[in-house]
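Quick notes on the structure that follows.
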Amino acid sequence: MSGKAYEKELRRLHGELVAMQEWVKHAGLKVCIVFEGRDGAGKGGAIKAIVERVSPRTFRVIALPAPSDREKSQMYVQRYLPHLPAGGEVVIFDRSWYNRAGVERVMGFCTEAEAQVFLSAVPKVEKAMVDSGIILIKFWLEVSEDEQTRRIKDRIDDPRKVWKLSPMDLKSYTRWYDYSRARDDMFQNSDTQWAPWIVVPSDDKRRARLNIIRHILDTVPYDKVKREKIKLPKRQKPGDYRDPLHPVTLVRQAY
């Protein structure tokens with residue numbers, strides 16, 4: 001997909017996202033969007049494309065760090081629950097409670113028994129979420145082996161992206177089929193009628209981002225909120241105001 005065609009369609013979809021945002025606030029909807037997928041699948045770029053033109057007061061992105069010792073002692077999903085949306089909010093999880101079914105299971109951060117308990121419980125937890133009125137959308141971004149390799153190499157060579165590459169990512173890179181088995185088991189246990197997984201082929205990042213936004217717009221029911229016609233008012237006259245005499249420090253004009 002050409003950059004020009006992508007930008008044109010993205011601009012149009014951004015307008016629809018803003019309309020959806022206004023309806024979410026107006027109607028008090030609760031929307032929760034989960035992004036999962038392999039390393040390098042494009043989760044961050046997709047999330048950035050979604051939130052680029054909407055209000056951070058309505059769209060909140062949650063990317064939790066590794067759990068603290070206290071959080072490790074809690075019920076597993078407990079640290080995610082405070083971040084679920086209230087009325088008038090869209091919450092986007094950049095990785096989520098499904099860490100337990102993926103990286104924690106594959107890399108040995110939880111026991112197999114703990115992973116199985118999670119897989120058994122998560123459909124019930126998500127059913128409770130949906131029954132409470134949350135619109136739950138779960139995306140899995142799938143990237144091919146060759147494309148993942150290309151993107152990870154690009155992170156190594158690009159100083160703007162090197163922060164995306166951790167020692168854990170390098171270890172995970174060697175475990176492609178372990179992750180495949182974990183993904184398949186996760187789908188088997190948590191792809192439910194009330195919270196299905198939406199698989200997004202993401203080798204073509206542009207198409208993936210547009211398809212994700214289109215799916216969100218098709219899933220969240222919204223209508224246009226009527227707004228009064230905006231007319232720019234006149235500014236006040238300066239009156240007795242005078243420019244200050246106190247010198248200020250200006251930014252260095254490097255460009």
Going from [atom1] on [X] to [atom2] on [Y], what distance comes out if it is rounded to the nearest 0.5 angstrom?
{"X": "Glu145", "Y": "Arg38", "atom1": "CD", "atom2": "CZ", "answer": "7.5 Å"}
{"X": "Lys138", "Y": "Asp191", "atom1": "NZ", "atom2": "CG", "answer": "6.5 Å"}
{"X": "Arg150", "Y": "Ser144", "atom1": "CZ", "atom2": "OG", "answer": "9.5 Å"}
{"X": "Asn99", "Y": "Phe109", "atom1": "CG", "atom2": "CZ", "answer": "10.5 Å"}
{"X": "Ile33", "Y": "Thr219", "atom1": "CD1", "atom2": "OG1", "answer": "9.0 Å"}
{"X": "Glu114", "Y": "Glu104", "atom1": "CD", "atom2": "CD", "answer": "8.5 Å"}

Using a strict 4.0 Å threshold on nitrogen-to-oxygen distance, state whether [X] and [Y] make a salt bridge.
{"X": "Asp157", "Y": "Lys153", "result": "no"}
{"X": "Asp185", "Y": "Arg100", "result": "no"}
{"X": "Arg151", "Y": "Glu147", "result": "yes"}
{"X": "Glu112", "Y": "Arg105", "result": "yes"}
{"X": "Lys224", "Y": "Glu22", "result": "no"}
{"X": "Asp184", "Y": "Arg181", "result": "no"}

### Task
Please work out whether the ring planes of Phe139 and Phe35 are parallel, tilted or perpendicular, with thresholds of 30° and 60°.
tilted

Taking all atoms of both residues into account, what is the closest heavy-atom pair of [X] and [Y], and its distance?
{"X": "Pro221", "Y": "Leu29", "result": "O-CD1, 3.5 Å"}
{"X": "Ser202", "Y": "Ala41", "result": "OG-O, 2.7 Å"}
{"X": "Arg160", "Y": "Asp158", "result": "NH2-OD2, 2.7 Å"}
{"X": "Gly88", "Y": "Thr58", "result": "O-CG2, 3.6 Å"}
{"X": "Ala49", "Y": "Ile213", "result": "O-CD1, 4.0 Å"}
{"X": "Glu126", "Y": "Ala195", "result": "OE1-CB, 3.5 Å"}

Are [X] and [Y] connected in the hydrophobic side-chain network, where two residues link if heavy atoms are under 4.5 Å apart?
{"X": "Phe187", "Y": "Val143", "answer": "no"}
{"X": "Ile135", "Y": "Val130", "answer": "no"}
{"X": "Met75", "Y": "Val117", "answer": "no"}
{"X": "Leu81", "Y": "Val31", "answer": "no"}
{"X": "Met20", "Y": "Leu10", "answer": "yes"}

Is [Y] close to [X] at the side-chain level, that is, under 4.5 Å between some pair of heavy atoms?
{"X": "Leu217", "Y": "Leu13", "value": "yes"}
{"X": "Asp154", "Y": "Lys161", "value": "yes"}
{"X": "Tyr179", "Y": "Val103", "value": "yes"}
{"X": "His215", "Y": "Val200", "value": "no"}
{"X": "Ile50", "Y": "Val54", "value": "no"}
{"X": "Val77", "Y": "Val122", "value": "no"}
{"X": "Leu210", "Y": "Tyr6", "value": "yes"}
{"X": "Pro85", "Y": "Ile134", "value": "yes"}

### Query
Do other residues, nucleotides or ligands put more than 12 heavy atoms under 6.0 Å from Tyr241 OH?
yes

Between [X] (side chain only) and [Y] (backbone N and O only), is there a donor and an acceptor less than 3.5 Å apart?
{"X": "Lys43", "Y": "Leu141", "answer": "no"}
{"X": "Gln21", "Y": "Ser55", "answer": "yes"}
{"X": "Asn211", "Y": "Arg207", "answer": "yes"}
{"X": "His83", "Y": "Ile92", "answer": "no"}
{"X": "Glu36", "Y": "Ser96", "answer": "yes"}
{"X": "Glu7", "Y": "Ala5", "answer": "no"}
{"X": "Trp176", "Y": "Tyr173", "answer": "no"}
{"X": "Trp194", "Y": "Leu136", "answer": "no"}
{"X": "Arg155", "Y": "Leu165", "answer": "no"}
{"X": "Ser120", "Y": "Gln116", "answer": "no"}

### Pair Val51-Val90, side chain to side chain contact (heavy atoms under 4.5 Å, CB included): steps then yes or no
CA-CA 10 Å; Val51 302; Val90 179; over 6 Å; no

### Steps toward side chain to side chain contact (heavy atoms under 4.5 Å, CB included) verdict (Lys48, Arg209)
CA-CA 9 Å; Lys48 183 179 178 181; Arg209 292 168 188 172; over 6 Å; no

### Task
May I have the step-by-step check of side chain to side chain contact (heavy atoms under 4.5 Å, CB included) for Glu71 and Leu64, ending in yes or no?
CA-CA 12 Å; Glu71 288 171 330; Leu64 297 183; over 6 Å; no

### Query
Among Lys30, Arg57, Arg60, which one satisfies salt bridge (charged side-chain N to carboxylate O under 4.0 Å, His left out) with Glu89?
Arg60

### Qualifying residue for ring-ring contact (aromatic ring centres under 6.0 Å, His included) with Phe118, from Tyr98, Trp97, Tyr80
Tyr98

### Message
Using the rule given for side chain to side chain contact (heavy atoms under 4.5 Å, CB included), can you reason through Val106 versus Ser172, listing the C-alpha separation, both sets of side-chain angles and the distance that settles it, and then say yes or no?
### Response
CA-CA 8 Å; Val106 173; Ser172 296; over 6 Å; no

